[in-house]
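Notes follow the structure.
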2 protein chains.
Amino acid sequence: MSTHVQPPSPATDFEAPHDLVKEIIYEIRRILQARELYTKELNKKYQVSAPQLNCVLALYEYGPLPPSQIARYIMVKSSTVTGIIDRLEQKGLVIRLRKSPDRRVITIELTEAGKRLADNAPPPIQQKIIDGLKSLPQGEIEEIVRGLTKLTHMLEVQDLEVA
Amino acid sequence: MSTHVQPPSPATDFEAPHDLVKEIIYEIRRILQARELYTKELNKKYQVSAPQLNCVLALYEYGPLPPSQIARYIMVKSSTVTGIIDRLEQKGLVIRLRKSPDRRVITIELTEAGKRLADNAPPPIQQKIIDGLKSLPQGEIEEIVRGLTKLTHMLEVQDLEVA
DNA sequence: GACAGAATATTTCAATTCAAATCTTCTTAC
DNA sequence: GTAAGAAGATTTGAATTGAAATATTCTGTC
């Protein structure tokens with residue numbers, strides 16, 4: 001038996017649009033699971049999950065940010081960010097500060113440890129994609145982007161934390 | 001200001017592969033969030049989440065199944081399935097039975113209520129994709145599938161529940 | 001037949017995710 | 001100036017997710 005998981009109805013040819021939809025759903029679920037398994041692995045090896053790492057990298061790239069901005073950058077709701085910050089703070093990778101004159105605003109800063117982590121960061125899930133893309137001609141890469149963009153337009157993700 | 005969320009570095013042109021990667025990551029995150037928001041909405045309107053609905057639909061399509069098979073069809077680990085079945089059972093949509101001579105195996109069956117739900121199922125996330133695909137020519141649909149497939153190959157999702 | 005190991009399902013644990021509610025602080029309208 | 005409402009962050013609660021450990025049952029091998 002093949003070691004490769006088959007979609008419920010193996011889609012070997014593509015006449016019926018319904019099969020195509022199944023194939024698309026299947027591929028999306030695969031991406032999700034790749035992401036899920038990757039974050040578990042990361043957590044085990046480096047004691048940092050993928051969302052946490054994304055958060056650290058965002059702070060490294062854009063400087064200190066309030067949670068609401070982080071939410072935008074890593075594309076989750078801000079109630080999700082609170083928990084991520086909590087865990088990063090416990091590990092001493094970030095600190096919460098009140099720097100803004102507006103005292104509702106909290107500023108998240110990387111600690112030295114946080115910067116060190118960002119510097120020699122374990123490869124985020126992105127790395128696999130970067131490596132994979134290297135072998136592809138530019139045209140195919142653009143094809144992937146076009147396809148994904150069409151998909152997201154279909155799904156019509158409503159706006160996130162934007163006023 | 002636009003009501004549309006921008007990726008951190010708006011990717012308006014695509015020379016640098018790194019920007020393409022960011023764009024891809026961004027689109028993937030968008031798909032994830034669409035899925036997340038959709039399942040919450042579903043849960044609120046129909047008291048059934050997307051994974052639960054997927055599970056019901058799998059049972060409707062393939063007949064009674066053990067949890068391990070369901071895990072394969074809906075592409076999650078079997079420890080995840082247990083919780084989903086728990087909640088479906090509480091709602092009276094499925095029942096756990098011991099039908100197999102192998103007494104380790106548990107068979108999950110739809111109840112009448114479960115079948116009714118499957119019959120006039122609320123649109124799964126698929127529906128948005130189906131609707132979206134309708135307006136696209138076949139060639140573009142295949143392009144989307146090709147792009148996604150290339151991506152998943154890059155991510156090299158290891159096998160799931162398969163022996 | 002007994003015993004080691006495989007297979008199936010579950011439990012336990014921690015992280016993520018979001019909606020909704022809450023708390024604090026600011027801003028605006030009067 | 002005060003009151004109403006907005007805005008930022010957090011809390012609470014429920015669902016999903018998978019790894020690891022556990023329990024039960026089966027399947028060999030000796």
Side-chain angles (χ1 to χ4, degrees), chain A residues 29 32-55 65-72 74-91 96-108 157-158 160-163, chain B residues 29 32-45 47-55 65-72 74-91 96-108 157-163:
Chain A
R29 193 62 194 76
L32 294 215
Q33 188 156 53
R35 205 169 149 277
E36 197 73 48
L37 296 179
Y38 186 78
T39 192
K40 304 270 179 184
E41 187 193 336
L42 205 65
N43 216 347
K44 229 172 39 181
K45 281 196 193 153
Y46 300 88
Q47 286 76 52
V48 175
S49 74
Q52 288 164 26
L53 183 57
N54 280 342
C55 181
L65 295 172
S68 50
Q69 289 285 333
I70 295 177
R72 254 178 277 199
I74 68 175
M75 250 175 307
V76 295
K77 302 290 178 180
S78 64
S79 55
T80 303
V81 172
T82 302
I84 294 173
I85 304 286
D86 283 347
R87 287 175 281 275
L88 286 175
E89 202 175 26
Q90 276 177 352
K91 293 172 195 162
R96 275 180 240 246
L97 297 173
R98 276 224 174 68
K99 293 186 127 183
S100 168
D102 183 338
R103 301 184 25 153
R104 291 169 303 182
V105 176
I106 288 192
T107 303
I108 314 296
V157 183
Q158 56 268 58
L160 308 174
E161 291 277 321
V162 175
Chain B
R29 192 64 193 76
L32 294 215
Q33 190 157 51
R35 207 170 148 275
E36 197 72 48
L37 297 180
Y38 185 77
T39 191
K40 302 271 179 187
E41 188 192 335
L42 205 64
N43 215 347
K44 229 172 37 182
K45 281 195 194 154
Q47 285 76 52
V48 175
S49 74
Q52 286 164 27
L53 184 57
N54 280 341
C55 181
L65 294 172
S68 51
Q69 289 286 332
I70 295 177
R72 255 179 276 200
I74 68 176
M75 251 176 307
V76 295
K77 301 291 181 182
S78 62
S79 55
T80 303
V81 172
T82 302
I84 294 175
I85 304 287
D86 283 348
R87 287 175 280 277
L88 287 175
E89 201 175 26
Q90 276 177 352
K91 292 172 196 163
R96 275 182 239 245
L97 297 174
R98 277 222 174 72
K99 294 186 127 185
S100 167
D102 183 339
R103 301 185 25 156
R104 290 169 304 182
V105 176
I106 287 190
T107 303
I108 314 296
V157 183
Q158 54 268 59
D159 287 336
L160 308 173
E161 289 277 321
V162 175

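Just so it is clear, the values below take in all heavy atoms, side chains as well, and ignore hydrogens, waters and symmetry mates. Chain letters run A, B, ... following the sequence lines, proteins first and then strands; every chain starts at 1.
Checking D:dT11, C:dT10, D:dT17 against the side-chain heavy atoms of B:I106 singles out C:dT10 as nearest. Between C:dT16, D:dT11, C:dA9, one nucleotide has an atom nearer to the side chain of A:S79 than all others, and that is D:dT11. Set against C:dT17, D:dG18, D:dT16, the side chain of A:P51 has C:dT17 as its closest nucleotide. When each of C:dT17, D:dA15, D:dT17 is scored by its nearest atom to the side-chain atoms of B:N43, the top-ranked nucleotide is D:dA15.
Counting non-hydrogen atoms under 4.0 angstrom, B:R98 reaches nothing in the nucleic acid. Residue A:I84 is in sugar-phosphate contact alone, with no base atom involved, counting any heavy-atom pair closer than 4.0 Å across all strands shown.
Rounded to whole Å, atom P of D:dG8 lies 6 Å from atom CZ of A:R104. To the nearest angstrom, P of C:dT16 lies 18 Å from NZ of A:K77. Between A:R35 atom CZ and C:dA15 atom C1' there is a gap of 12 Å when expressed in whole angstrom units. Whole-Å rounding puts the B:Q69 CD to C:dA7 C1' distance at 13 Å. Atom CD in B:E36 sits roughly 13 Å away from atom P in C:dT16 (whole-Å rounding). Taking atom CG on A:L32 and atom P on C:dT16, their separation rounds to 16 Å, with Å as the unit. If you take NZ of B:K44 and C1' of C:dA20, they are 9 Å apart, rounded to a whole angstrom. Atom pair B:L97:CG and C:dT8:C1' shows a separation of 16 Å (rounding to whole Å applied).
Of all heavy-atom pairs spanning A:I84 and A:P51, the tightest one is CD1-CB, 3.8 Å. Across every non-hydrogen atom of A:L53 and A:V48, the tightest pair is N-CG1, 3.6 Å.
With hydrogens and angles disregarded, a donor-acceptor distance shorter than 3.5 Å links the side chain of A:K91 to the backbone of A:Q47. Although no hydrogens or angles enter the test, the distance criterion places no donor-acceptor pair under 3.5 Å between the side chain of B:S78 and the main chain of B:A71.
Residue B:T80 has no polar side-chain atom (N or O) positioned under 4.0 Å from OP1 or OP2 of D:dT17. Between A:T39 and D:dT17, a side-chain N or O to OP1/OP2 separation shorter than 4.0 Å is absent. Regarding contacts with the backbone of C:dA9, every side-chain N or O of B:S78 stays at 4.0 angstrom or more from both OP1 and OP2. The side chain of B:Q33 contributes no N or O atom lying less than 4.0 Å from OP1 or OP2 of C:dT17.
Closest-nucleotide positions on DNA chain D for A:D102 and A:G83 were compared, and the one nearer the 5' end corresponds to A:D102. Where A:V105 and B:R103 each meet DNA chain D at their nearest nucleotide, the meeting point lying more 5' is that of A:V105. Annotation: of the two residues near DNA chain C, B:T107 and A:R87, the 5′-most nearest-nucleotide partner is B:T107.
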side-chain contact (heavy atoms from CB on, under 4.5 Å) between A:V76 and B:R29: does it pass, once the steps are laid out? CA-CA 9 Å; A:V76 295; B:R29 192 64 193 76; 3.0 Å; yes
side-chain contact (heavy atoms from CB on, under 4.5 Å) for B:K77 and A:L37? Distances and angles first, verdict last. CA-CA 10 Å; B:K77 301 291 181 182; A:L37 296 179; 4.0 Å; yes
